[in-house]
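First the structure, in the form of structure tokens, and then the observations on it.
Below, all heavy atoms of this structure are taken into account, side chains as well, without hydrogens, waters or symmetry copies. The sequence lines fix the lettering, A, B, ..., with proteins before strands; numbering per chain opens at 1.
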There are 2 protein chains.
Amino acid sequence: MATLKDIAQKCGVSTATVSYVVNNSPRQVLPATREKVLKAVAELGYQPNAYARALKGFRTQVIGVVFPHVTVPLTNVYFGPVLEGIVAQATERRMATMLLTGFTWEETEQGAEREFSGICDGFLLIAPRRDSQFASDLAKSGVPLVSVGTQVAEPGVSSIDSDNRTGGRLATEHLLALGHRRIAMILTGEDVSPSNSGKPVKHNWSALERQHGYWDALRAWGMEPDPNLTATIWHDPVASRSSARRLLNQRPTAVFGCNDGAAYRTVEVCRESGIRVPEDLSVIGFDDIANAASFDPPLTTIRQPIFEIGANAVEMLCAQIEGRAQEVEHRLMPVELIQRRSTAHI
Amino acid sequence: MATLKDIAQKCGVSTATVSYVVNNSPRQVLPATREKVLKAVAELGYQPNAYARALKGFRTQVIGVVFPHVTVPLTNVYFGPVLEGIVAQATERRMATMLLTGFTWEETEQGAEREFSGICDGFLLIAPRRDSQFASDLAKSGVPLVSVGTQVAEPGVSSIDSDNRTGGRLATEHLLALGHRRIAMILTGEDVSPSNSGKPVKHNWSALERQHGYWDALRAWGMEPDPNLTATIWHDPVASRSSARRLLNQRPTAVFGCNDGAAYRTVEVCRESGIRVPEDLSVIGFDDIANAASFDPPLTTIRQPIFEIGANAVEMLCAQIEGRAQEVEHRLMPVELIQRRSTAHI
DNA sequence: GTGAAAGCGCTAACAG
DNA sequence: CTGTTAGCGCTTTCAC
């Protein structure tokens, strides 16, 4: 790999001159010299060494995308589109995206910190834990950072997410407007089944926000949320099913699943139990994942702009990197009700 | 960000000593000194600078994943799982994955070459063009490189793909065994519709390989392929539909779609035309994408191990990076027939 | 056992 | 207009 020095020698000029030519720096260079240099550059296929450059304090044009767990697949209905938005926007800005992950979240954070804190201009944390150490450390060192899909506890860390609370309210209001009064909600959480039963359930941040919206709507209609009408499901399919079944035994007329997957699993349980959707039970989801429209019945849901969340995250991060960032910002992306056929008038 | 020098000063030792301690180098260091250094390292939160290290000729532990076009989404049925396999295997080996893409393939290649050829230890090209300039350049400079899903023209570039030809044969033999004799094939190609009609169709490399397998099987059964029983579809849905319809007018009893998407679109066209699958027409696909089993009817197809292709690609690349690579290797991953309900006895 | 110093490739301040 | 040189943070040879 040819270096500045090689070019300089070949042309009988100094490395400084070569540097000025290749960088189009403001310094005046004799046209003849410039041409000579350019020719040598082309001949030797010279590429500036990104590392040496970075060592001089330049931007690396790389953003690190830190995501929780290598087995939360990229084909996942949330991570996939978010990453797509990130990559599209990064490409637009001619930046590269470095994927940083591990087999546990701790490992992910440690690895990211140990290896790449010097390489990346900034980081996007995808759905980090609220108490993320990595987020705190980076924030304290002033490294550009945006948390996606969760607000971390550490103040000073900007974040972006959809407006989950409003979405929860919208979903519930839709059901209320349809005449439903016994409206159940299904939350999701970290795995609390067999292996770590006993520990308190750790619900997803977003699920909890959506629940707040659900409560907001109920209260606005003068109703108090009934704890019996809330259930939690998680990765374990068996335990989740029985949880869903217990909920249905409470005879709700409508169910708000905190995401489309939860809603869909509810529909499945209904089918097994002979409950018809939407005739006997209305079901609404959240996310509007790619195939929500081809569910049977097509799922009424709250759409969140997943791709745009990714794109906006990059934009926010770049603002920080370039020093144009205002204050800490918690950007909330708009959600909307997508009415399909899984909800009906009571 | 603390540097070696900071630590050295704080401890009243030389940077060399600090370096030896943090790297666990073989040089003997007085336990007391070692401890002092380690303490300072912890206090100052020292992280070695990856760039400075790389400048000394060390591995960067980053692999560049070059993929064609930012709008070929990561949620794509092929790219998604491939990338998943890549990331999983890279993580296993504690390497990071850098996503390199652009808005055109040319741009992607130029950007990757210009900016990142010094940063990455090696590159994975996802479905590059056969005449990729980037591949040639890298191969000539001896940069570790594996082409995924296509063999490039440049000799000396290792590749990995599924055994498309065998898969094409398997699909066709399945149909033949079911008693079919008028077996059509649907290929896919680059967009040759409105905008660039007139230009010769550029078929996908893999589609062509599968077609070879199709021919192999027919000939082994003493039949000569009928050109009228082959059609090409592409991104344009309208033109593709009419192409599919023309094919069906030739009255095949079975269709082999070169991928599941093509097969599925054929089923749709059939439905519109009142042709029942599999009663009137058997349809077989290729890939076994995630939702092939939930098609209506569930699609008989040839499974290719997409995730494993990604994982193997990383393994091959690392062998090159670490100098353990044998010769140029064109690894072919095994495929298998997945029998479902879109094919039936004639 | 430890320190001084060269040098990886590059940029930019300083001298001509 | 161009060359010399210091130094980014690190590793490693050589000398003590």
Euclidean distance, atom CD of residue A/Glu35 to atom P of D/dT2 [Å, nearest integer]
13 Å

Lys/Arg-Asp/Glu bridge criterion (N-O < 4.0 Å) met for A/Arg93, A/Glu315:
no

Measure the acute angle between the ring planes of A/Phe134 and A/Phe123, then classify it against the limits of 30° and 60° as parallel, tilted or perpendicular.
perpendicular

If you check every side-chain atom of B/Phe58, which of D/dT12, D/dG7, C/dT2 has the closest atom?
D/dT12

Under 4.0 Å between a Lys/Arg side-chain N and an Asp/Glu carboxylate O for A/Glu106 and A/Arg129?
yes

Given D/dT11, C/dA13, C/dG1, which nucleotide is nearest the side-chain atoms of B/Gln28?
C/dG1

Just to confirm, is there a sub-4.0 Å distance from OP1 or OP2 of D/dC10 to any side-chain nitrogen or oxygen of B/Tyr46?
yes

Both B/Arg27 and A/Lys56 contact DNA chain C. Taking the nearest nucleotide for each, which residue is further toward the 5' end?
B/Arg27

Salt bridge or not for B/Lys39 and B/Glu35, using N-O below 4.0 Å?
no

Value in whole Å for how far the C1' atom of C/dC10 lies from CG of A/Leu55:
8 Å

B/Thr3 vs D/dG9: side-chain N/O to OP1/OP2 distance below 4.0 Å
no

If you check the A/Leu4 side chain, which of D/dT2, C/dC8, C/dT11 turns out closest?
C/dT11

Would you kindly compare B/Tyr20 and B/Ala52 by the position of their nearest DNA chain C nucleotide and give the one closer to the 5′ end?
B/Tyr20

More 5' along DNA chain D: B/Tyr51 or B/Ser25, using each one's nearest nucleotide?
B/Tyr51

Atom NZ of A/Lys5 and atom P of D/dT4 are separated, to the nearest Å, by 13 Å

Assign B/Thr33 to base, sugar-phosphate, or nothing according to its heavy-atom contacts below 4.0 angstrom with the strands shown.
sugar-phosphate

B/Asp6 atom CG is separated from D/dC10 atom P, nearest whole Å, by 9 Å

Atom pair distance, as rounded to whole Å: CG in B/Asn23 and P in D/dT12
8 Å

Hey, are B/Trp205 and B/Glu209 close enough side-chain-wise for a donor-acceptor pair under 3.5 Å?
no

A/Leu44 atom CG is separated from C/dG9 atom P, nearest whole Å, by 14 Å

So does A/Thr17 get a side-chain nitrogen or oxygen closer than 4.0 Å to the phosphate oxygens (OP1/OP2) of D/dG3?
yes

Any N/O donor-acceptor pair, A/Arg53 side-chain to D/dG9 base, under 3.5 Å:
no

Which nucleotide in the set D/dT2, C/dG1, C/dG3 lies at the smallest distance from any side-chain heavy atom of B/Leu30?
C/dG1

From the options D/dG9, C/dA13, C/dC10, select the nucleotide whose nearest atom is closest to the side chain of B/Asn49.
D/dG9

